[in-house]
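For reference, the structure discussed in these notes is given below.
Bear in mind that the values here come from a model prediction, so they are computed numbers and not experimental data.
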Protein chains: 2
Amino acid sequence: MLTSQLSDIRSGSMSLATPSPAGAAWQRQAKLWSNLKEVCDLLRIQARVQNDDYQFQHMQFKAGQRIHTIGQPFDMLYIVNSGFLKTVMIDELGNEQVLGFPMKGDMFGIDGIHRKQYSTETVALTNCDVILVPFKIFSGLGRTNAELEAAIYAVMSRELVREQAMISTLGSLSAEARVARFLVFLSERFSDMGYSGTQFNLRMTRQEIGNYLGLTLETVSRTFSAFNAIGLISVDQRAIVIHDLQSLRTLRRLPPSRVRAKAADKKRAAGESAAAA
Amino acid sequence: MLTSQLSDIRSGSMSLATPSPAGAAWQRQAKLWSNLKEVCDLLRIQARVQNDDYQFQHMQFKAGQRIHTIGQPFDMLYIVNSGFLKTVMIDELGNEQVLGFPMKGDMFGIDGIHRKQYSTETVALTNCDVILVPFKIFSGLGRTNAELEAAIYAVMSRELVREQAMISTLGSLSAEARVARFLVFLSERFSDMGYSGTQFNLRMTRQEIGNYLGLTLETVSRTFSAFNAIGLISVDQRAIVIHDLQSLRTLRRLPPSRVRAKAADKKRAAGESAAAA
DNA sequence: CGAGGGTTTGAGTCGCATCAATATCTGTGG
DNA sequence: CCACAGATATTGATGCGACTCAAACCCTCG
């Protein structure tokens with residue numbers, strides 16, 4: 001029964017969460033230019049703008065291609081119009097760290113402003129359509145339009161808050177809770193983009209997910225299997241069906257067997273002593 | 001011998017890394033206003049500004065006082081002029097997470113821009129002198145001065161990169177490596193501020209350090225003791241002396257005993273097979 | 001069809017958390 | 001000035017969760 005659900009997704013020639021009607025169409029239909037209003041809509045910021053002087057160029061990337069690299073001089077911000085990417089940092093010890101998976105409506109490249117060169121690299125996981133936003137021009141437009149300027153600050157602040165949430169996740173949650181959060185995050189993101197929030201295909205490997213969440217790929221795989229086993233989700237390779245989003249939202253650890261019993265004991269004991277006193 | 005070094009710090013009536021000559025003087029000598037140039041200098045941004053129209057107000061806080069709280073409407077950014085603080089986020093499950101320890105020259109409150117209310121709270125760990133920066137006014141000044149505006153973006157980007165580095169730390173490093181990094185970070189920060197980079201007093205508890213690094217307070221304590229035992233540092237309560245900064249910089253794990261041996265075996269085996277081929 | 005990357009699953013181990021006891025520091029009131 | 005309470009720090013014993021290593025399987029693509 002689980003298998004039948006999944007086969008619906010996987011066997012269908014049209015993949016879920018792919019905007020273009022047919023697979024290879026993305027390149028021919030590519031939109032080459034956007035005006036400021038379209039850019040703002042994509043970023044989900046409500047700036048009343050009428051300035052159509054500048055047209056922002058689109059650029060298409062194939063899966064595997066790099067949009068920017070570490071150390072490259074900074075002059076562009078990027079906005080995802082379609083497709084999926086990953087942003088990676090490499091620390092002084094050579095460790096790779098996945099920092100995020102930019103998708104439709106996300107801005108990336110902000111880290112480059114500070115030192116005038118990117119401190120991360122961003123790679124396309126699928127074929128992508130990305131809008132190029134020359135930083136000088138963007139901030140220049142902001143200077144003539146206070147509303148737009150506020151929106152730019154807001155987008156940067158939003159990124160900051162997202163990273164803070166990630167720090168909190170890595171600093172305090174168990175492996176299961178991290179994976180659960182990741183699934184909830186994806187679900188909400190897919191919903192926002194107008195796709196199904198309950199069934200979708202992962203665009204990244206277990207390795208990349210694990211790296212992102214501070215776990216090994218085996219732990220990610222095992223956790224998916226465990227969620228599958230208790231009916232929270234169905235997994236088959238990259239295909240995911242979410243059955244119980246609410247449980248995923250509140251999950252801290254898996255059915256802790258005797259831990260739960262112990263907690264119950266404690267609570268009971270507390271109740272007794274309170275009653276005795 | 002180790003003890004004697006530490007007693008130098010701890011017994012001295014004047015504490016290290018305290019700018020004001022005498023303990024209680026901070027309140028009387030408090031500087032009440034700063035102009036834009038002074039603010040920029042503090043933030044270590046080189047903006048050629050001559051606008052002295054606006055005077056930024058200072059405000060003094062005692063240890064334990066809250067500068068802003070979660071959910072409070074956002075209208076201010078803050079810059080630390082002196083003292084030490086901590087910034088904390090509380091996630092939906094009620095977990096506290098220390099996000100940083102703002103000190104002289106750091107800006108905080110940036111997270112509030114996005115939703116127009118702070119998503120974090122910041123508490124004084126010591127008595128502090130903080131500059132209040134009304135965001136509307138600050139960004140307004142930026143709009144008339146491109147150089148300043150670029151500097152504002154740069155400060156925000158700097159914060160973002162710092163958080164990214166923190167994610168990388170939490171995601172990939174062992175407990176020892178995290179603690180070592182933390183010490184290096186403090187050392188560099190104290191040096192920047194003009195204090196000794198090799199001996200200083202911690203302003204935060206083991207609990208706060210552990211929370212910040214995604215560890216328990218016991219692990220932090222044990223790791224300090226271990227570093228002490230192998231001569232990298234001397235610790236006594238909050239007093240720290242750094243003996244070998246370079247080792248702290250490159251440390252991944254503690255004297256790995258047989259792990260190191262195992263790695264050596266592997267390398268040897270690889271060398272042999274390569275030679276055989 | 002074979003090669004190679006990606007995924008699943010198992011067995012064993014280790015790092016860090018947890019629980020607990022003691023020691024030390026700080027401040028406060030008698 | 002001392003005594004005491006509460007917060008902070010150290011250290012030990014123990015257990016669990018996640019990593020490591022390894023083998024098999026699955027999917028894709030040339």
| query | Tell me: CZ of A/Arg178 to C1' of D/dC19, nearest whole Å? | reply | 13 Å
| task | Please identify each residue that fulfils side-chain contact (heavy atoms from CB on, under 4.5 Å) with B/Met193, with sequence neighbours left out. | result | B/Phe84, B/Met103, B/Lys104, B/Arg189, B/Phe190, B/Tyr195
| task | Return the value, rounded to whole Å, for the distance between atom CG of B/Leu173 and atom C1' of C/dC16. | result | 15 Å
| Rounded to the Å, how far apart are A/Ile209 CD1 and C/dG6 P? | 12 Å
| task | Among residues two or more places apart or on two chains, list those pairs meeting ring-ring contact (aromatic ring centres under 6.0 Å, His included) that have a residue in residues 203-223 of chain A. | result | A/Phe101-A/Tyr212, A/Phe182-A/Tyr212
| Heavy atoms under 4.0 Å, any strand shown: does A/Gly214 hit a base, just sugar-phosphate, or nothing? | sugar-phosphate
| task | Using whole Å, report how far CG of A/Asn201 lies from P of C/dT7. | result | 12 Å
| Among all residues two or more places apart in sequence or in another chain, which pass the side chain to side chain donor-acceptor pair (under 3.5 Å) test with A/Ser119? | A/Asp111
| Spacing of B/Arg252 atom CZ relative to C/dG15 atom C1', expressed in whole Å | 17 Å
| Residues two or more places apart in sequence or in another chain: which of them pass side chain to side chain donor-acceptor pair (under 3.5 Å) with B/Glu163? | none
| request: Report the distance from atom CD1 of A/Ile240 to atom C1' of C/dT8, rounded to the nearest whole Å. | output: 14 Å
| query | Who pairs with B/Glu92 by side-chain contact (heavy atoms from CB on, under 4.5 Å), at least two apart in sequence or on another chain? | reply | A/Arg181
Which pairs, protein N/O on one side and nucleotides 8-12 of chain D N/O on the other, fall under 3.5 Å?
unit_1 : atom_1 : unit_2   : atom_2 : d
D/dA9  : OP1    : B/Arg238 : NE     : 2.7
D/dA9  : OP2    : B/Arg206 : N      : 2.8
D/dT10 : OP1    : B/Arg206 : NH2    : 3.3
D/dT10 : OP2    : B/Arg206 : NE     : 2.7
D/dT10 : OP2    : B/Arg206 : NH2    : 3.1
D/dT10 : OP2    : B/Ser221 : OG     : 2.9
D/dT10 : O5'    : B/Ser221 : OG     : 3.4
D/dT11 : OP2    : B/Ser225 : OG     : 2.8
D/dG12 : N7     : B/Arg222 : NH1    : 2.8
D/dG12 : O6     : B/Arg222 : NH2    : 2.9

| field | Nearest-Å distance for atom pair CG/C1', residues B/Leu170 and C/dC16 | value | 15 Å
| query | Are A/Arg249 and A/Glu188 close enough for a salt bridge, meaning some N to O gap below 4.0 Å? | reply | yes
